[in-house]
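Below: one structure, written as C-alpha cells.
Along the sequence shown, the residues carry numbers beginning at 1. Keep in mind it's a predicted model, so treat the numbers as computed, not measured.
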Amino acid sequence: VQLQPSGGGLVQAGGSLSLSCAASGRTFSSYRVAWFRQAAGKEREFVAAISVNGGFKDYADSVKGRFTIFRDNAKNTAYLQMSDLRPEDTAVYYCAAKFGTTSTFPELYNSWGQGTLVTVSS
C-alpha cells in the first residue's frame, strides 16, 4: 500500500491540527496504521496506532488525551487529530502501515508515507 500524508503546517502552542494519510490500493482495510514523528536530531518515535477496524488504539504517553487517531476504511484514509499542541510536538510526522498486530516499533512497518512537517510555535 502507498501512503500520502497531508495536513502539516505551522500552528501556535495550544492550537489544533489534523493530519490525513491517504492510502492507495484496495487492501487498506487490512492494514494496521500508525503515526510516528521525528524531530530534528532525534530518533523516530511512536505517536499512535490503530487496528484494522478502529477498535483498538494505542498512544504514546506524551500525546495521550491530546491526540486522536481514527480511520475511514471506505475512504482509504487514516487521520491524526492533534489538539493542545506544544512546541515539543514539532516534528516531521509519518504515517505507516503493516499487517499483523499494531506495534510501536517503526522497523516493523513496511509501508511509509513521505512525511509532513508540523511546527508548533511558542
Side-chain angles (χ1 to χ4, degrees):
V1 66
Q2 292 184 324
L3 305 174
Q4 180 61 55
S6 62
L10 174 64
V11 63
Q12 288 188 331
S16 299
L17 205 59
S18 183
L19 305 182
S20 299
C21 178
S24 63
R26 292 174 292 178
T27 59
F28 174 72
S29 59
S30 299
Y31 284 82
R32 278 65 174 172
V33 176
W35 289 92
F36 291 84
R37 66 186 181 186
Q38 187 165 17
K42 295 187 177 181
E43 294 185 352
R44 192 167 298 189
E45 66 174 0
F46 170 77
V47 175
I50 189 168
S51 60
V52 294
N53 62 3
F56 173 79
K57 300 178 183 180
D58 191 19
Y59 296 93
D61 288 343
S62 59
V63 307
K64 279 181 181 176
R66 301 188 298 121
F67 290 13
T68 301
I69 187 172
F70 58 102
R71 65 190 296 165
D72 185 339
N73 287 338
K75 295 183 178 179
N76 278 7
T77 304
Y79 305 90
L80 185 68
Q81 177 65 41
M82 306 181 291
S83 61
D84 190 23
L85 283 160
R86 305 166 182 170
E88 53 264 39
D89 294 318
T90 295
V92 176
Y93 283 71
Y94 299 88
C95 57
K98 68 183 294 290
F99 286 117
T101 59
T102 56
S103 173
T104 63
F105 297 99
E107 57 268 26
L108 297 182
Y109 287 79
N110 49 23
S111 296
W112 288 85
Q114 62 183 16
T116 184
L117 177 63
V118 172
T119 303
V120 184
S121 63
S122 57

Where do L80 and V47 land on the side chain to side chain contact (heavy atoms under 4.5 Å, CB included) test, with the steps shown first?
CA-CA 9 Å; L80 185 68; V47 175; 4.1 Å; yes
Nearest-0.5 Å distance, OH of residue Y109 to OG of residue S103:
5.0 Å
Give a yes or no on whether E45 atom CD has more than 12 heavy-atom contacts from other residues, nucleotides or ligands under 6.0 Å away.
yes
Separation of Y31 OH from N110 CG (nearest 0.5 Å):
6.5 Å
Could you check whether any side-chain N or O of T77 sits under 3.5 Å from a backbone N or O of D72, counting only pairs where one atom can act as donor and the other as acceptor?
no
Spell out, as yes or no, whether a donor-acceptor pair under 3.5 Å connects the side chain of S83 to the backbone of R66.
yes
Is the backbone of Q38 close enough, under 3.5 Å, to the side chain of Y93 for a donor and an acceptor to pair up by distance?
no
State, yes or no, whether a side-chain contact exists between L85 and F67 at a heavy-atom distance under 4.5 Å.
yes
Side-chain heavy atoms nearer than 4.5 Å, only ILVMFWY residues, links allowed to pass through others: does that put W112 and V1 together?
no
Assess the residue pair M82 and V118 against the criterion (side chain to side chain contact (heavy atoms under 4.5 Å, CB included)); give the C-alpha distance rounded to whole Å, side-chain angles, the decisive distance to 0.1 Å, and a yes or no.
CA-CA 10 Å; M82 306 181 291; V118 172; 3.9 Å; yes
Working to the nearest 0.5 angstrom, can you tell me the gap between T90 OG1 and L117 CG?
8.0 Å
Side chain R71, main chain S51, donor-acceptor under 3.5 Å
yes
Using side-chain heavy atoms (C-beta onward) and a distance below 4.5 Å, is W35 in contact with C21?
yes
Treating D84 as the side-chain partner and G15 as the backbone partner, does any N or O pair qualify as donor plus acceptor under 3.5 Å?
no
Exam field: side chain S62 to backbone A60, donor-acceptor pair closer than 3.5 Å
no
Rounded to the nearest 0.5 Å, how far apart are CG of L3 and OG of S111?
5.5 Å
Do Q114 and Y94 come close enough that some side-chain heavy atom pair is under 4.5 Å?
no
For residues A39 and A91, report the shortest heavy-atom separation together with the two atoms involved.
N-CB, 3.7 Å
Would you check if the side chain of K57 reaches a backbone N or O of A48 as a donor-acceptor pair within less than 3.5 Å?
no
CA sep, side-chain torsions, deciding dist, call: D89, R86, salt bridge (charged side-chain N to carboxylate O under 4.0 Å, His left out):
CA-CA 5 Å; D89 294 318; R86 305 166 182 170; 5.3 Å; no
For T101 against K98, the heavy-atom pair lying closest together:
O-NZ, 2.5 Å
Quick one: pull up CG in N53 and CZ in R32 and give me the separation to the nearest 0.5 Å.
8.5 Å
Distance col, row S30:OG vs N73:CG, nearest 0.5 angstrom, shows 8.5 Å
Using 30° and 60° as the class limits, which term best fits the ring planes of F46 and F36: parallel, tilted or perpendicular?
perpendicular
Can you spot which of Y79, F28, F70 makes a side chain to side chain contact (heavy atoms under 4.5 Å, CB included) with V33?
F28
Do L19 and T116 have side chains that approach each other closer than 4.5 Å (heavy atoms only, starting at C-beta)?
yes
Flag, side chain of R37 to backbone of R44, donor-acceptor distance under 3.5 Å
no
Give a yes or no on this: more than 12 heavy atoms of other residues, nucleotides or ligands lie within 6.0 Å of atom CD of E107.
yes
